[in-house]
A.B. asks: 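Dumping the structure here so I can ask a few things about it.
Please read all numbers here as calculations on a predicted model, not as lab measurements.
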Amino acid sequence: MKKLMKCIMVAFCLAVAVAFAAGVQTTNVQAKKKVTYKLKKGTLTIKGKGNMPKKIKVKKSKVKKIVIKKGVKNISNNAFKNFKKVTKISIPKTVKKIGVNAFYGTAIKKLTIPTKATKLGEGFYDKCKKLDYMTLPGSFSVVDKKGKNIKYNYSSEGTNLDTVTFNTNLDYNVTGYFKTYNFETSANDPNFKSYDGVVYTKDGSGVVRVPSGRDTVALREGCTVFNVYAVTYTNGAGYVCNNLVRVTLPASLAKVNDEAYPDKNKTSSMKLDILADKTNLEIPQIVILKKVFNMDANTLKKKFPTRITEDDGFCIGDGKYVIIGNGAEPSVVPVGITTICDYAYDGVSVNKVALPPSVETIGKNAFAYSSLSEINLENVKNIGKYAFAGTQLAKVELPAAITAILDNTFYDCVDLKEVIINGELKTVGASAFRNTNINLGDFLTSNTKLETVGKAAFQNVPWSNITIPANVKTVGANAFAESNNTKFVLIKGSTQGFDMKSFGVKNNVTYQFEQGISQAWVTPDIDSYSTKKALKISLGWDKVSEVNGYEIWVAKDINLKKGVKKYTAKYNEKSKNISITKKKAKGLKYVGIRAYKTVDGKKVYSKWNINKL
């Protein structure tokens, strides 16, 4: 009986195994034929579950309508290219990807892309000459024939749309992909709303994107902010609104913004006719219009005849703003002027400018890349970014009211050697003195209230021996980076707010940290590559004085806990070459380095500096 039962069990198991194998085989056969297609009476029907076949083998001239059924997940590259008689295509919600040139050259008039189809093939609607209306997701990526993301320019070769409707929340960057006369946002979009085919902020107060097909546009009454990128956005190949010739501003307008909603190329300057006679914009807002839309003095006077005048070569707004400076020698600014506006002397050939005591503000780029070599700033209270960048100033005396030097203020002033600070300077912005020749040692030690030094603030300023006083709390990357000569730096205070690349990675600096080894760091310059047999790592680093040596760890994770390989270097070494066999190097991605010192019989370590290979 036992033998009989055993035989039955064996037979049962074999039967199950055979049945299972047969089931798997059947499933595989079906998988190859998941999506099928059939042409009947001019209608091509595609149905099933999964991806479409790579090629639809039917006579193109026989197809007038395409119906894709629920369950199909993608539309193949060139799927319906040059199906010239097709006037209608229906796409189900299950489709997630549209192939390259998928509808190229069809005669469709409307096209609706479902909300989940966020990967769109390059040129998917090119040469659709009759296509007027398209609905698609408000955020998508454009892919090549291999499915890799690419930068998208126009995909409108031979296609001029009437309206593009977004059926999900809008990413304003996608608007440059269409040649159209109208945009319609989703009713549920929390950020944007369309009025008369133009994209505005949700409350309608700020214009965000004007469609590329417009040649004129009048901003809606109630719009208070003209975001200039609404018309100056680009697609990588040029301005999208290249047909636009005129923008009419409403009486409600109060602000011009040249920073919000930028395109990825961040370009914002084009020639355009602005009708603004009904607005009550402040002069600084008009100055932005002047810069972005390349307006000269004559144009400004025509646009704002009661607001802007010309006096001895100066273009003056409301009697107190210099909008455009003159190039006379010297350029004597009229009495009563309070502000030298943004870009007023930008690129102007003028060596000396005499400011009256009334001038309190010097705007952004006010004298940038002019030939300015002398100016009095005695009563100035505000100086904008790039205000004196690229000028020929050799000496600057900043008044007591200036407590912060903003980003790039004296960038590229190669003749600048002396800076006198009469007030309590607390902040030096990013690249503020980059590429100058000031005495860095004196500057740091004489400004006892200085707390913050921005990224690249003194990059390429020559120095050999400096002290960073304890009052300096925050220092950005490359703030003191300078490649020439061997250098020594004493850091007196805490380095908690210092970027570890404050001095770059040139391996020519020796650090001394007055508050001890726990405040120290090591800055590595890392080069790595793989051979058939090993991972090769070459490290160089700046020296930390008075230490016993350095530890170097190579690991799989940024916390240096997984698969760690440990190495050491002596106190007087400044480089290390490491070779790890291919097998042992698998997964290693990070290198950490720190200094150590024996204090009272115990090892004390500096901060880890961890870098990705």
Side-chain angles (χ1 to χ4, degrees), residues 256-259 268-269 282-297 300 308 310-399 401-416 419 428-436:
V256 180
N257 191 328
D258 63 344
E259 295 181 349
S268 60
S269 180
E282 296 291 333
I283 293 298
Q285 305 302 309
I286 293 173
V287 167
I288 298 174
L289 291 177
K290 166 247 176 185
K291 173 60 181 175
V292 172
F293 300 111
N294 299 303
M295 297 181 184
D296 57 21
L300 287 169
I308 295 174
E310 195 167 358
D311 180 12
D312 194 25
F314 290 94
C315 180
I316 297 174
D318 289 350
K320 58 182 181 179
Y321 296 89
V322 168
I323 299 174
I324 301 175
N326 71 7
E329 289 296 347
S331 182
V332 181
V333 176
V335 174
I337 295 295
T338 62
T339 302
I340 307 298
C341 292
D342 296 355
Y343 300 94
Y345 284 86
D346 184 19
V348 174
S349 178
V350 58
N351 293 324
K352 182 178 180 180
V353 175
L355 302 179
S358 55
V359 172
E360 294 185 347
T361 299
I362 294 176
K364 178 176 67 176
N365 290 72
F367 296 93
Y369 295 94
S370 67
S371 55
L372 182 70
S373 61
E374 185 178 343
I375 190 170
N376 62 306
L377 302 171
E378 186 176 356
N379 297 293
V380 172
K381 296 179 180 179
N382 304 290
I383 299 175
K385 295 179 180 181
Y386 284 98
F388 301 103
T391 60
Q392 297 175 18
L393 290 169
K395 177 181 178 181
V396 171
E397 185 169 354
L398 295 175
I402 301 298
T403 59
I405 299 173
L406 302 186
D407 297 354
N408 301 285
T409 301
F410 297 101
Y411 172 73
D412 256 357
C413 291
V414 295
D415 296 318
L416 186 59
V419 179
V428 175
S431 296
F433 290 99
R434 186 175 178 176
N435 299 342
T436 66

A.B. asks: Is the Tyr345 ring parallel, tilted or perpendicular to the Phe367 ring (thresholds 30°, 60°)?
C.D. replies: parallel

A.B. asks: Is there a side-chain contact between Thr339 and Ile283 in this structure, where contact means two heavy atoms from C-beta onward sitting under 4.5 Å apart?
C.D. replies: no

A.B. asks: Is any side-chain heavy atom of Lys385 closer than 4.5 Å to a side-chain heavy atom of Leu406?
C.D. replies: yes

A.B. asks: First locate atom CG of Leu416, then atom CZ of Phe410, and finally report the distance between them rounded to the nearest 0.5 Å.
C.D. replies: 6.5 Å

A.B. asks: Provide the closest heavy-atom pair for Cys341 versus Ala366 in the form atom of the first, atom of the second, distance.
C.D. replies: O-CB, 3.7 Å

A.B. asks: Taking the side chain as everything from C-beta on, heavy atoms only, tell me whether Ile362 gets closer than 4.5 Å to Leu377.
C.D. replies: yes

A.B. asks: First locate atom CD1 of Ile324, then atom CG of Asn326, and finally report the distance between them rounded to the nearest 0.5 Å.
C.D. replies: 11.0 Å

A.B. asks: Give, for atom OG1 of Thr409 and atom CD1 of Ile383, the distance between the pair rounded to the nearest 0.5 Å.
C.D. replies: 7.0 Å

A.B. asks: Using a distance-only test with no angle check, is there a side-chain donor-acceptor pair under 3.5 angstrom linking Ser373 and Asn351?
C.D. replies: no

A.B. asks: Set out, in order, the CA-CA distance, both residues' side-chain angles and the distance that settles side-chain contact (heavy atoms from CB on, under 4.5 Å) for Val256 and Val292, then state yes or no.
C.D. replies: CA-CA 10 Å; Val256 180; Val292 172; over 6 Å; no

A.B. asks: Any side-chain heavy atom of Ile375 within less than 4.5 Å of one from Thr391?
C.D. replies: no

A.B. asks: Set out, in order, the CA-CA distance, both residues' side-chain angles and the distance that settles side-chain contact (heavy atoms from CB on, under 4.5 Å) for Phe388 and Leu393, then state yes or no.
C.D. replies: CA-CA 8 Å; Phe388 301 103; Leu393 290 169; 3.9 Å; yes

A.B. asks: Show the nearest heavy-atom pair for residues Ser331 and Phe314, with the distance to one decimal.
C.D. replies: OG-CZ, 3.5 Å

A.B. asks: Just wondering, do Phe433 and Ile405 contact through their side chains at under 4.5 Å, heavy atoms?
C.D. replies: yes

A.B. asks: Does CD in Glu378 sit with more than 12 non-hydrogen atoms of other residues, nucleotides or ligands closer than 6.0 Å?
C.D. replies: no

A.B. asks: Any donor and acceptor pair, going by atom type alone, linking the side chain of Ser370 with main-chain N or O of Ser349 inside 3.5 Å?
C.D. replies: no

A.B. asks: Over all heavy atoms of both residues, which pair between Pro356 and Pro334 is shortest? Give the atoms and the distance, please.
C.D. replies: CG-O, 3.4 Å

A.B. asks: If we only count heavy atoms from C-beta on, is the Ile340 to Val353 side-chain gap below 4.5 Å?
C.D. replies: no

A.B. asks: Crowded around Tyr343 OH? As in, over 12 foreign heavy atoms under 6.0 Å?
C.D. replies: yes

A.B. asks: Which atoms form the tightest heavy-atom contact between Lys320 and Gly336, and what is the distance?
C.D. replies: CB-O, 3.8 Å

A.B. asks: Given Ile288 and Lys291, is the side-chain contact (heavy atoms from CB on, under 4.5 Å) satisfied, shown in steps?
C.D. replies: CA-CA 5 Å; Ile288 298 174; Lys291 173 60 181 175; 5.8 Å; no

A.B. asks: Answer whether the closest heavy-atom distance between the side chains of Leu300 and Cys315 falls below 4.5 Å.
C.D. replies: yes

A.B. asks: Which value, rounded to the nearest 0.5 Å, describes the distance between Gln392 atom CD and Glu374 atom CD?
C.D. replies: 12.5 Å

A.B. asks: Donor-acceptor pair, Asp407 side chain versus Ala430 backbone, under 3.5 Å?
C.D. replies: yes

A.B. asks: Using modelled atom types and a 3.5 Å cut-off, is there a donor and acceptor pairing between side-chain atoms of Asn257 and backbone atoms of Glu259?
C.D. replies: yes

A.B. asks: Roughly how far apart are Asp342 CG and Lys290 NZ, rounded to 0.5 Å?
C.D. replies: 8.5 Å

A.B. asks: Atom CG in Asn379, atom OG1 in Thr338: separation rounded to 0.5 Å?
C.D. replies: 12.5 Å

